[in-house]
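Every heavy atom of this structure was used, including side-chain atoms; hydrogens, water molecules and symmetry mates were not. Chain letters run A, B, ... following the sequence lines, proteins first and then strands; every chain starts at 1.
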Number of protein chains: 2
Amino acid sequence: MENIQKNIGVNLKNIRKTRGYSLDTAADITGVSKAMLGQIERGESNPTVTTLWKIATGLQVSFSSLISEKPSDVLQVDLQAISPIIESNGNYRVYPTFPFDPRKKFEIFIVEIEPGCQHTADKHNEGVEEYVTVMTGKLDMHIGEQKIQIEQGNSLRFLANKAHTYKNSGSEIIRLQVVMYYP
Amino acid sequence: MENIQKNIGVNLKNIRKTRGYSLDTAADITGVSKAMLGQIERGESNPTVTTLWKIATGLQVSFSSLISEKPSDVLQVDLQAISPIIESNGNYRVYPTFPFDPRKKFEIFIVEIEPGCQHTADKHNEGVEEYVTVMTGKLDMHIGEQKIQIEQGNSLRFLANKAHTYKNSGSEIIRLQVVMYYP
DNA sequence: AATAGTTGTTTATTATAACGCACATATGTA
DNA sequence: TACATATGTGCGTTATAATAAACAACTATT
């Protein structure tokens, strides 16, 4: 979806027309000048959030009614296109495939660990859970006192309220899928 | 909910911090200057929709994630506070209690008709339905060729694809609740 | 036809969003 | 300690959002 301005314009005009408002009355109700309203409807202006706010509250519609986001039902993500977060001199790379969205309560990464590399993550907040699946390689983990070994294809879930370490003791690169859940 | 600017600020900062982005990298990804990003986070700026758009797409979050509308689960509407749409010299008054919202597919009015008054509505688009309930008085209606009388407390549903007339032949004011449905 | 009222657009002015650059303050590295 | 790198904030300039008022186009009423 390109060009929100145009989009907002048609939405606003629809709402206004459906109610039989003129630009004048709409300006009265919303407190936004009718010139501005006209320009917005024509997509000629780039309104600020406060003007949008005035319009939304004045017309008693939600913000989204003006924006009219159509969430694409299918989203394809190319790993190549993601710029990873680099740690441990490039031997530990994090690819945020589905980054955090406040409305959801989780995010998803792909993690690559080079042979010999080990990485320790600080403990996260109370209630945070990690769901780890090993795609390639064999993973050694330290979680608190426990030592755990996870074979390729296997998974692990743990409360991330204590420091934990990912380690590649093998000779092959490790690829993980990690789901972080925030309660 | 007051002051969206502040709201957007904390939302943006949350998202950015959760991902470990600096203002610099966030500026890189979104194409919005880091000075602007900083001001937005502090609630010192009043961003335009295009900057919000850049931020949302760059960070791969939805608009609403930044706005974080919390739709109030309960909304009380005071009839007195609604300025009616006047027709027939003030003898036919329409109070939009729940005005049209594109996401919903209906809107709700209260209609008041003075004794002796009659009002004809043009036909609406194909598929539009009206749900009329008589709150007080006795209503006479003409829908196409049909003549219908509706007693107090009773209701009527009809396809509004032909012109229709509301008429008050009694001596008491008529109050209607009308639900318009748009397919 | 002439007048008055309502519609949406255009113009000039002002307020301010957005930028780039410089500054300040950490945080680590030799 | 000194140096280096990266963090967020402040400042001056430019671009433009927002307003008010004048304008043009259309409708209705006498």
Side-chain angles (χ1 to χ4, degrees), chain A residues 3-59 63 66-67 83 85-90 92 119-120 122, chain B residues 3-59 63 66-67 83 85-90 120 122:
Chain A
N3 201 358
I4 354 102
Q5 313 194 17
K6 208 77 186 170
N7 219 305
I8 293 177
V10 298
N11 285 332
L12 174 56
K13 188 158 192 173
N14 277 341
I15 298 175
R16 182 173 68 83
K17 283 300 186 185
T18 317
R19 308 222 184 133
Y21 292 160
S22 68
L23 282 181
D24 266 307
T25 54
D28 265 356
I29 297 176
T30 59
V32 177
S33 70
K34 71 169 176 177
M36 188 43 21
L37 290 176
Q39 290 183 27
I40 292 175
E41 287 189 355
R42 276 171 269 132
E44 293 174 11
S45 182
N46 180 16
T48 63
V49 288
T50 49
T51 44
L52 275 192
W53 176 255
K54 287 189 201 168
I55 295 174
T57 51
L59 262 46
F63 239 92
L66 297 175
I67 311 289
S83 54
I85 299 165
I86 305 288
E87 301 190 35
S88 303
N89 297 324
Y92 185 90
H119 177 80
T120 299
D122 293 338
Chain B
N3 201 356
I4 355 101
Q5 313 193 16
K6 208 75 185 171
N7 219 306
I8 293 177
V10 298
N11 284 333
L12 175 55
K13 188 159 191 174
N14 277 340
I15 298 173
R16 182 173 67 83
K17 283 299 187 183
T18 317
R19 308 221 184 136
Y21 292 161
S22 68
L23 283 181
D24 265 308
T25 54
D28 264 356
I29 297 176
T30 60
V32 177
S33 72
K34 70 170 177 175
M36 191 37 28
L37 290 176
Q39 291 182 27
I40 293 174
E41 287 190 355
R42 276 171 268 135
E44 293 173 10
S45 183
N46 180 16
T48 63
V49 289
T50 49
T51 45
L52 275 192
W53 174 257
K54 286 189 203 167
I55 294 174
T57 51
L59 262 45
F63 240 91
L66 296 175
I67 311 290
S83 55
I85 299 164
I86 306 288
E87 301 190 35
S88 300
N89 296 324
T120 299
D122 293 337

Applying side chain to side chain contact (heavy atoms under 4.5 Å, CB included), can you list everything that pairs with [X], at least two apart in sequence or on another chain?
| X | result |
| --- | --- |
| T25(A) | Y21(A), S22(A) |
| T48(B) | N46(A), T48(A), T50(B), T51(B) |
| K54(B) | V32(B) |

Worksheet item: Would one find a side-chain N or O of T51(B) under 4.0 angstrom from OP1 or OP2 of dA18(C)?
Response: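 Yes.
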
Worksheet entry | T48(B) vs dA17(C): side-chain N/O to OP1/OP2 distance below 4.0 Å |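 For T48(B), the contact criterion (side-chain N or O under 4.0 Å from OP1 or OP2 of dA17(C)) is not met.
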
Fill in: Any residue meeting side chain to side chain donor-acceptor pair (under 3.5 Å) with Q39(B), in chain and number order, not counting sequence neighbours
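None.
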
Item to complete: Using chain A heavy atoms and a threshold of under 4.0 Å, write down where along DNA chain D the contacts begin and end, 5' to 3'.
Response: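 Here the contact window of chain A covers dA17(D) to dA20(D).
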
Worksheet item: According to a 3.5 Å limit on both distances, what stems of 3 or more consecutive Watson-Crick or G-U pairs are formed with DNA chain C?
Response: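 Detected stem regions: C:1-4 with D:27-30, C:8-23 with D:8-23, C:25-30 with D:1-6.
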
Item to complete: Among residues two or more places apart or on two chains, list those pairs meeting salt bridge (charged side-chain N to carboxylate O under 4.0 Å, His left out) that have a residue in residues 44-53 of chain B.
Response: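 Counting only pairs at least two positions apart or across chains, the salt bridge (charged side-chain N to carboxylate O under 4.0 Å, His left out) contacts touching residues 44-53 of chain B are R42(B)-E44(B).
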
Fill in: Interatomic spacing from CH2 in W53(A) to CD1 in I67(B) - rounded to 0.5 Å
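Taking CH2 in W53(A) and CD1 in I67(B), the distance rounds to 9.5 Å.
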
Worksheet item: What distance separates I8(B) CD1 from K13(B) NZ, expressed to the nearest 0.5 Å?
Response: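 Interatomic distance, I8(B) CD1 to K13(B) NZ, rounded to 0.5 Å: 15.5 Å.
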
What is the distance, to the nearest angstrom, from the [atom1] atom on [X] to the [atom2] atom on [N]?
| X | N | atom1 | atom2 | result |
| --- | --- | --- | --- | --- |
| L12(A) | dG8(C) | CG | P | 11 Å |
| L23(A) | dT6(C) | CG | C1' | 11 Å |
| E41(B) | dA17(C) | CD | C1' | 17 Å |
| I40(A) | dG8(C) | CD1 | P | 15 Å |

Discussion item. Using the salt bridge (charged side-chain N to carboxylate O under 4.0 Å, His left out) criterion, which residues pair with K34(B)? Sequence neighbours excluded.
Written reply: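 Here the qualifying residues are D24(B).
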
Discussion item. Could you report the tightest heavy-atom contact between A27(A) and S33(A), atom names first, then the distance?
Written reply: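 Result for this residue pair: CB-C, 4.1 Å.
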
Worksheet item: What is the minimum heavy-atom distance between G58(B) and I29(B), and which atoms define it?
Response: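 It is O-CG2, 3.1 Å.
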
Fill in: CA sep, side-chain torsions, deciding dist, call: L23(B), R16(B), side chain to side chain contact (heavy atoms under 4.5 Å, CB included)
CA-CA 8 Å; L23(B) 283 181; R16(B) 182 173 67 83; 3.6 Å; yes

Item to complete: Would you indicate what K54(A) reaches in the nucleic acid, counting non-hydrogen atoms under 4.0 angstrom: base, sugar-phosphate, or nothing?
Response: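 Sugar-phosphate, no base atom in range.
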
Discussion item. Any residue in residues 30-39 of chain A with a heavy atom nearer than 4.0 angstrom to DNA chain C? Just list them by number, or reply none.
Written reply: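 Nucleic-acid contacts, sorted: K34(A), A35(A).
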
